[in-house]
> 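Pasting a structure here, questions to come.
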Amino acid sequence: MITIPIQIPKHFSFGENLWFLSREDGDRSAYQAGSISRAIRVDGEAVSFTLTEKGQYLQIELMDEHNVPQVVSTVKAYIEDWFDIKRNIEPFYRLLEAHPGPSYMVTDFNGLRVMGNPDTFETLVWSITSQQINMTFAIKLKRALCEKYGESVEHHGRQLPLFPLSKTLAELEVKDLQELQFSRQKATYIISAATAFADGTLSKEKLMVLSSQERIDTLTALKGVGIWTANAVMMQSLNDPSGLPLGDTGLLKALLQHGLIIDKKDTTGITTLFRQFDGWQSYLFNYLWRSLSGPRDR
DNA sequence: AACCAGGTTATGC
DNA sequence: GCATAACATGGT
């Protein structure tokens with residue numbers, strides 16, 4: 001076993017991040033007190049790691065067999081991207097403090113990062129899955145999908161699931177996903193999205209070189225991917241600051257609760273507010289989402 | 001027991 | 001264009 005340290009930046013709370021992440025994570029990660037384990041693919045090969053907070057460092061533990069420079073740097077980059085570690089979020093807090101309604105979040109959610117998901121295929125399938133239904137059910141669907149179609153790897157005596165490969169999902173029949181309680185339409189959408197990723201028509205690399213508008217056009221060209229889903233993918237996986245699923249019902253609820261809008265049709269109010277958070281829109285968005293989950297036990 | 005959940009599409013005016 | 005039904009199940 002080898003360990004790699006990552007320096008913890010200012011305004012970073014491992015506990016807050018893990019707590020928020022664990023809600024929609026399904027069984028993708030294993031949580032122990034103060035640490036998280038997960039398996040990802042690096043160049044097609046399954047690599048598992050454990051991340052633990054140790055003083056001023058996050059410590060990555062990898063199996064000896066993965067002690068290859070290329071693998072180590074990919075895992076490190078994955079984690080830095082996942083936890084948005086390299087960003088100094090101080091400016092965001094200065095902006096938040098200027099708004100009496102949500103300013104309490106600077107203290108209550110201090111150190112919460114916008115948790116991205118570097119795996120774009122997984123993010124897309126998750127976004128389609130979670131359309132319209134409540135989170136409890138959406139997580140149940142994701143868990144069923146991972147258990148049934150994602151292989152798992154052993155890591156310190158426990159099984160860590162990998163998200164299913166696009167190739168695997170592309171070969172499914174609609175009824176296979178219906179059996180897991182996906183709606184017939186979502187089953188169709190997911191299989192065709194998986195096909196696009198499996199045959200290389202679509203990939204993170206291809207999306208990354210496009211402009212924001214081209215990304216929207218490309219993603220919404222997929223059946224089952226509307227403006228909300230396209231923006232969710234851009235926000236969660238492409239690190240695109242313009243990727244904001246502004247029609248989101250959870251967001252609207254949070255905006256109402258904080259008195260930031262007076263009714264859900266107040267689109268100009270929403271636009272105006274987000275314009276004030278230039279460069280930090282996705283942080284505002286995610287902190288508002290976070291507020292819906294209420295306080296965390298400490 | 002309705003009605004809404006971190007929406008999208010198909011259909012009808 | 002804009003309104004409405006259908007989709008799947010869980011929570012309130």
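No experiment lies behind these values; they were computed from the predicted model shown. Here is the naming used below: chain letters follow the sequence lines, and residue numbers restart at 1 for every chain.
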> Taking CD from A/Gln185 and P from C/dA6, how many angstroms apart are they, rounded to a whole number?
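Nearest whole value for this atom pair: 12 Å.
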> Classify the nucleic acid contact of A/Leu177 as base, sugar-phosphate or nothing, counting any heavy atom under 4.0 Å across all strands shown.
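The residue A/Leu177 makes no contact with any strand.
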> Look at A/Lys140 and C/dT9 and indicate whether a side-chain polar atom (N or O) is within less than 4.0 Å of OP1 or OP2.
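For A/Lys140, the contact criterion (side-chain N or O under 4.0 Å from OP1 or OP2 of C/dT9) is not met.
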> Give the rounded distance in Å between these two atoms: CD1 of A/Ile128 and C1' of C/dC7.
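Atom CD1 in A/Ile128 sits about 15 Å away from atom C1' in C/dC7.
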> Taking the P atom of each, how far is B/dA5 from C/dC2, in whole Å?
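Roughly 22 Å separates the two P atoms.
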> With the criterion being N/O to N/O and under 3.5 Å, what pairs connect the protein with nucleotides 4-6 of chain B, and how long is each?
from: B/dA5; atom 1: OP1; to: A/Lys264; atom 2: NZ; distance (Å): 3.4
from: B/dA5; atom 1: N9; to: A/Gln132; atom 2: O; distance (Å): 3.2
from: B/dA5; atom 1: N7; to: A/Gln132; atom 2: NE2; distance (Å): 2.7
from: B/dA5; atom 1: N3; to: A/Asn134; atom 2: N; distance (Å): 3.3
from: B/dG6; atom 1: O4'; to: A/Asp248; atom 2: OD1; distance (Å): 3.2
from: B/dG6; atom 1: O6; to: A/Arg23; atom 2: NH2; distance (Å): 2.7
from: B/dG6; atom 1: O6; to: A/Glu24; atom 2: OE1; distance (Å): 2.7
from: B/dG6; atom 1: N1; to: A/Glu24; atom 2: OE1; distance (Å): 2.7
from: B/dG6; atom 1: N2; to: A/Gln236; atom 2: NE2; distance (Å): 2.6

> Could you check how far CD1 of A/Ile227 sits from C1' of B/dT9, rounded to whole Å?
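Distance check: A/Ile227 CD1 to B/dT9 C1' gives 15 Å.
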> Salt-bridged, A/Glu122 to A/Lys204, with N to O below 4.0 Å?
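No.
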> Taking for each residue the nucleotide of DNA chain C bearing the nearest heavy atom, is the 5' side occupied by A/Gln178 or by A/Thr136?
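In this pair, the answer is A/Gln178.
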> Taking all atoms of both residues into account, what is the closest heavy-atom pair of A/Trp228 and A/Ser130, and its distance?
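Answer, listing the atom of A/Trp228 first, then A/Ser130: CH2-OG, 3.8 Å.
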> How long is the line joining CD of A/Glu179 and P of C/dT9, in whole Å?
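About 13 Å, once rounded to whole Å.
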> Do A/His258 and A/Tyr287 make the cut of ring centroids closer than 6.0 angstrom?
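Judged by ring-centre distance (under 6.0 Å), A/His258 and A/Tyr287 do not meet the cut-off.
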> Within the structure shown, what part of the strands sits under 4.0 Å from A/Lys186 by heavy-atom distance: base, sugar-phosphate, or nothing?
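No contact.
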> Send over the distance from A/Leu252 CG to B/dG7 C1', rounded to a whole Å.
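Between C1' of B/dG7 and CG of A/Leu252: 13 Å.
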> Please indicate whether A/Gln56 has more than 12 foreign heavy atoms, meaning atoms of other residues, nucleotides or ligands, lying under 6.0 Å from its CD.
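No - once you tally the heavy atoms of other residues, nucleotides and ligands closer than 6.0 Å, there are 12 at most.
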> Pick the P atom in C/dT4 and in B/dG6, then give their distance to the nearest Å.
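Nearest-Å result for C/dT4 against B/dG6 at atom P: 23 Å.
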> For a quick test of reading the model, state the closest non-hydrogen atom pair linking A/Ala30 to A/Leu160 and the distance between them.
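For A/Ala30 and A/Leu160, the tightest heavy-atom pair comes out as CB-CD2, 3.7 Å.
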> Mind checking whether A/Phe83 and A/Phe12 have parallel, tilted or perpendicular rings, split at 30° and 60°?
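Ring orientation of A/Phe83 relative to A/Phe12: tilted.
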> Rounded to the nearest Å, what distance is computed from the NZ atom of residue A/Lys265 to the P atom of nucleotide C/dC2?
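Atom-to-atom, A/Lys265 to C/dC2, this comes out as 14 Å.
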> Can A/Arg41 and A/Glu151 be counted as an ion pair, charged N to O under 4.0 angstrom?
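Yes.
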